[in-house]
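Chain letters run A, B, ... following the sequence lines, proteins first and then strands; every chain starts at 1.
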There are 4 protein chains.
Amino acid sequence: MKRIAVLTSGGDAPGMNAAIRAVFKKAVAEGIEVYGINHGYAGMVAGDIFPLDFKAVGDTVRRGGTFLYSARYPEFAELEGQLKGIEQLKKKGIEGVVVIGGDGSYHGAMRLTEHGYPAVGLPGTIDNDIVGTDYTIGFDTAVTTVVEAVDKIRDTSTSHHRTFIVEVMGRGAGDIALWSGIASGADEIIIPEKDFKFEDVVKNIQEGYENGRNHHIIILAEGVMSGAEFAEKLKEAGDRSDLRVSVLGHIQRGGSPTVRDRVLASRMGARAVELLRDGIGGVAVGIHNEELVESPILGKEEEGALFSLTEKGEIVVNNPHKADLNLYNLNVDLNKFE
Amino acid sequence: MKRIAVLTSGGDAPGMNAAIRAVFKKAVAEGIEVYGINHGYAGMVAGDIFPLDFKAVGDTVRRGGTFLYSARYPEFAELEGQLKGIEQLKKKGIEGVVVIGGDGSYHGAMRLTEHGYPAVGLPGTIDNDIVGTDYTIGFDTAVTTVVEAVDKIRDTSTSHHRTFIVEVMGRGAGDIALWSGIASGADEIIIPEKDFKFEDVVKNIQEGYENGRNHHIIILAEGVMSGAEFAEKLKEAGDRSDLRVSVLGHIQRGGSPTVRDRVLASRMGARAVELLRDGIGGVAVGIHNEELVESPILGKEEEGALFSLTEKGEIVVNNPHKADLNLYNLNVDLNKFE
Amino acid sequence: MKRIAVLTSGGDAPGMNAAIRAVFKKAVAEGIEVYGINHGYAGMVAGDIFPLDFKAVGDTVRRGGTFLYSARYPEFAELEGQLKGIEQLKKKGIEGVVVIGGDGSYHGAMRLTEHGYPAVGLPGTIDNDIVGTDYTIGFDTAVTTVVEAVDKIRDTSTSHHRTFIVEVMGRGAGDIALWSGIASGADEIIIPEKDFKFEDVVKNIQEGYENGRNHHIIILAEGVMSGAEFAEKLKEAGDRSDLRVSVLGHIQRGGSPTVRDRVLASRMGARAVELLRDGIGGVAVGIHNEELVESPILGKEEEGALFSLTEKGEIVVNNPHKADLNLYNLNVDLNKFE
Amino acid sequence: MKRIAVLTSGGDAPGMNAAIRAVFKKAVAEGIEVYGINHGYAGMVAGDIFPLDFKAVGDTVRRGGTFLYSARYPEFAELEGQLKGIEQLKKKGIEGVVVIGGDGSYHGAMRLTEHGYPAVGLPGTIDNDIVGTDYTIGFDTAVTTVVEAVDKIRDTSTSHHRTFIVEVMGRGAGDIALWSGIASGADEIIIPEKDFKFEDVVKNIQEGYENGRNHHIIILAEGVMSGAEFAEKLKEAGDRSDLRVSVLGHIQRGGSPTVRDRVLASRMGARAVELLRDGIGGVAVGIHNEELVESPILGKEEEGALFSLTEKGEIVVNNPHKADLNLYNLNVDLNKFE
């Protein structure tokens, strides 16, 4: 393979730039040229493709966002979109593609591979909800942003003896809430993966203040409900504390990536190039037990594929991501009273 | 004066701890004992008063919030509340008080002074809206928090070509919006002190994208309206860009104080002790043109008092705080196209 | 076990406070009382031991350093010291101990266990060089501090086209250098675990500038030699670039712990209590492949002990810590030119 | 004036990019084109000059360093160098220049003006030692970097009861030491502007530990002597505490500029363009008592010139920068014991 391309797709995540940089630099070491594709699959179809060079990737290891821009582009699920994209790759002499994004992006990578353009997926999202990896690029940074915010909120909640509901991102997954909850010393974590009763939360709040706490901080994963709704229901369930809601919002998607994310992104970017160099596509890179692994994106479950087709042609996820409930239990333990 | 007390009142602000520490340490140098009063005027009335020592203030210069806790306590506007508070001061042998808080707190300080307990006010609030000072303790930190947040939002808004409305605090004042707007390179600043038309904002957004901008960031002071309302009206006025709202919320009240706030708080705290040492009360410390100044809290306008009484006994503010509109104009200039 | 104690020993590391807090809070959940021992083994011998409470550990999850203070105390290697320490434990009714520190501290834990006072070791050091764990408490924070510093140095080195030698900590281990090198996009990493020639470094520097680089940053592990000596030898070997040395020094030991370190410390602290609760001592907790593990401190290699005694009574390390040389190779790859 | 240029000279400082950006954007608003000159006066002479555009300055408000690179170039003090530089300006049709740098750079600006190319100086240096301004661009950021470092050092010095000498930059000026000393709660500040005796320092250290301090932090301005030398002399004078030296070094020159520096740089950059627009050169912009001011670089003292020529043709500084000794005295006061 003499020339490959790289794109970012779906929601952006800190560390995407570090991954792009690693793809470029590793490819240089392998004697492979690298083109950047702007705006994800949309840019591929539109031919927004240009050669990367040292200047383009210089100083990007520490930058949040993605300098290749990102976009959602559902049209790439259709054959027509795929063929248009391949037309553009052909024009530029591109033989393989690295796709950094969520699992939606992986399906595009699968299609490209099936059409003879090997593509490798890298997990880039703050939500940590991608199949085939313990951690996604951007997760550690997002958690860090949340914890820095909660550290600030704790100052003011302590000064005023307030109860704070901090709504954090994560889509359907509780990972951001769990990690940030433990790390910020939250008094309670509410996630979609674990049932709870509002009456118990009210009781915990009361018990905390009775035991001398001067604040009560609840980390709420957005996958459960909104912070406003949670506050409403908490009051209905009898909470009488001085209650505030903080929705952290989009700050969680930006920021200079943490050490973990920079290293993870660099390792994964380099691995993607090795795979393409060896003619391997249709796989996604992950990290499992501290080791880089790759899994077929689509195939048989017993062969480790992330997704399989049922007889009816429906896509099933073989080993959906699961949040680490040990962290949930740990937090409960760390918030008991005698 | 052999023994004084210090309290924090109203909304908390980063740097309040640094001010308390300076009060304590300067008093030590002057041979004066210092007591801390928890929970502001409420704690004074309740007698929640205790001697400060080196251990209590150790390492507080860098801590957000206030370790003396803060509270609003409107009852102190009534004579009954004041007399109860004085009773408690008398019990502990306290002869003077430093009050760190907003202008509401200043009136309490005035009353204490009138009752023979000289009290000095220090301006502690993130909003920078207190009369008698160019800058309040906490303002620089709050702006810094906003700018760090906008730096993160910029990453993701750039990745996705989005328009962001960032709602920032400030009560009726546009200071936080102005400073954070300039410092974050915002494309537009909306403040209560300056009229605007939604049609113009829509035009600016369009013009920006047409001139190659890959995002549009609007800093909106909460004193104008909420971010949600602003977004609604922007759409009504014809905006078709990919619009998001981010309400920064309570993170703006916390965090380790900046250098500016630590130095300002330290200087003001020491000055308050000098004033009490010299038997001076009923004044508030401010900074004007880089110099510490003090002004009578209540009195004649021509004598520099912050507040005066009308013949009908109503309180008027003599020189209400004004935001620096030069910054507004600067930002407009920095966002023009050829 | 009804009452346990916790101490920190050796060099301090960010996250030690989070571990102490977790020990305390988990013990509360288990109905066990916790005492703090100041100044490590020295304080144990001196009887500087006091009951911990919620107030003592409040807000410590985010604090650098150790609020129990730390010290080296070689006298605890002697039987006399141990017996004195046990005397103090006995006085306070303490039945087990958690020791947070380096491998020197583990031997003290072993001795206490042998004397009938089960003790559990937790790996606390920034150097990541402790046997029996993939990561130590404090390592991620130290690397983060280094990377933030190198990010700053990169600004000024780029402005001036300079070559920077950044000396980082790590004692005999290259881990801090490796992780910070990858994460900061360093042009070269020099570690004790890998030979190098000064002539090659000089060549790399030249080649970089010839290929358009506007700076050259070398991360040097202190275990190799000092930055000053390295610079000297680089010049002798022919380097003619504008060369500067930056010794990061003690800032690497402090700072608010990162998310990783807070979570790791919290998990390990809770595990230590579970072990003591079950009467288990003489073991050290580690993390391996993302799972908490515990290993006998002293014993047979085939039983997983960290240390064994030879027939002559000498202590040998069974599986000494090894830096991840994949990171070294990755960095070489990421810094090649066509 | 239809076309101007901007360069950065001398040591780089955070905020220089924000100033360049403001020069560019304000010029756009005034209908003036802006060229960038790489590498300061050296680049001017070499003709390394190129048109700036929105893309070049995009996202630079928050970046440390200077994207125009900086260099010292003593040859520009000679007529020959100046004429060569002007030749290059003429080629590009450049009519005026903004010079961001230290007072050395101001003299180049003066010469250009005398030759008919109006040039305006902006004070860019971390040292805050430039005549004609209360604050320089970069100073607040450098102090912030120092304070963050000392906050970290305090963690570890407290854990181990250590005395730390922290050597900070500032060339001949004590400003960085004074501000960072107050803001970090240092126990002692040593600056060139104030005499001290080693015996007194030794006494202060002892007194502190006797009064229960668990560390002693001394901020030492590099203009006094090196940290190593200071430590040596402190030991000679009888200090017996556990003494460490930390030389913060080049991290002080980098980093994302603070709010203060971004706003100051933006205001000054815009003002420089207004001056050139009005045909004014040979002046330097400063900030005094919170207001932007400009002063003739060379001229009569009574007309406010920064520098004058003696009859013998020697340059004298009319009102050399002075550090604020009130901060020194404040720190002494904040570190007394009963």
Side-chain angles (χ1 to χ4, degrees), chain A residues 18 21-22 24-26 28-31 53-55 58-62 134 140 143-144 146-148 151 154-155 158 178-180 182-185 211-214 256-263 266-267 269-270 273 288-292 324 326-327 330-338, chain C residues 18 21-22 24-26 28-31 53-55 58-62 134 140 143-144 146-148 151 154-155 158 178-180 182-185 211-214 256-263 266-267 269-270 273 288-292 324 326-327 330-338:
Chain A
R21 171 186 172 270
F24 171 74
K25 291 203 150 188
K26 174 68 176 178
V28 166
E30 298 286 346
D53 55 22
F54 280 95
K55 200 173 148 66
D59 205 27
T60 56
V61 72
R62 56 167 157 163
D134 292 349
D140 192 60
V143 176
T144 297
V146 171
V147 171
E148 286 172 1
D151 282 355
R154 178 195 283 262
D155 289 336
T158 301
L178 284 171
W179 280 77
S180 62
I182 296 283
S184 64
N211 277 277
R213 260 192 204 145
N214 41 35
S256 180
T258 60
V259 165
R260 277 269 154 182
D261 275 331
R262 296 189 198 185
V263 171
S266 299
R267 291 177 69 189
V273 172
H288 184 54
N289 290 345
E290 301 279 341
E291 293 283 334
L292 291 190
D324 181 0
N326 290 323
L327 293 179
L330 174 59
N331 203 59
V332 170
D333 268 7
L334 296 185
N335 283 294
K336 286 186 177 155
F337 296 97
E338 287 106 317
Chain C
R21 169 186 173 271
F24 171 74
K25 292 203 148 189
K26 174 70 176 177
V28 166
E30 298 286 345
D53 55 22
F54 281 96
K55 201 173 146 68
D59 204 30
T60 56
V61 72
R62 56 167 158 164
D134 294 347
D140 192 59
V143 175
T144 297
V146 170
V147 170
E148 285 172 1
D151 282 354
R154 179 197 283 262
D155 289 335
T158 301
L178 284 171
W179 280 78
S180 62
I182 296 284
S184 63
N211 278 277
R213 260 191 203 144
N214 42 34
S256 180
T258 60
V259 165
R260 278 267 154 184
D261 275 332
R262 296 188 196 185
V263 172
S266 299
R267 293 176 68 187
V273 172
H288 183 55
N289 290 346
E290 301 278 343
E291 294 283 335
L292 290 190
D324 181 359
N326 290 322
L327 292 179
L330 173 59
N331 203 59
V332 170
D333 268 7
L334 295 185
N335 283 293
K336 284 185 178 158
F337 296 97
E338 287 107 316

Heavy-atom contact with chain A under 4.5 Å, split by part of C/Leu334
both

Region of C/Arg21 that comes under 4.5 Å of a non-hydrogen atom in chain A
side chain

A/Thr258, A/Val259, A/Thr144 screened by side-chain contact (heavy atoms from CB on, under 4.5 Å) with C/Thr144, the one that passes:
A/Val259

Name the member of A/Val61, A/Val263, A/Ile182 that forms the most heavy-atom pairs with chain C at distances under 4.5 Å.
A/Val263

Any salt bridge between C/Arg154 and A/Asp59, counting N to O under 4.0 Å?
yes

Using a cut-off of under 4.5 Å for heavy-atom pairs, which of C/Glu291, C/Glu290, C/Lys336 has the most such pairs with chain A?
C/Glu290

Using a 4.5 angstrom heavy-atom cutoff, name the option from C/Val28, C/Asp151, C/Val143 with the most pairs to chain A.
C/Asp151

Of the backbone (N, CA, C, O) and the side chain (C-beta and beyond), which part of C/Phe337 lies under 4.5 Å from a heavy atom of chain A, both, or neither?
both

Is chain A contacted by the side chain of C/Asp53, its backbone, both, or neither, given a heavy-atom distance below 4.5 Å?
neither

Taking every non-hydrogen pair under 4.5 Å, which of C/Lys26, C/Arg260, C/Lys25 racks up the most with chain A?
C/Arg260

Shorter than 4.5 Å, heavy atoms on both sides: which option in C/Asn335, C/Asn214, C/Leu330 has the most such pairs with chain A?
C/Leu330

Roughly how far, to the nearest 0.5 Å, is the OG atom of C/Ser184 from the CZ atom of A/Arg262?
7.5 Å

Looking only at A/Gly58, A/Gly31, A/Ser266, A/Gly212, the option with the highest number of non-hydrogen pairs under 4.5 Å against chain C is A/Ser266

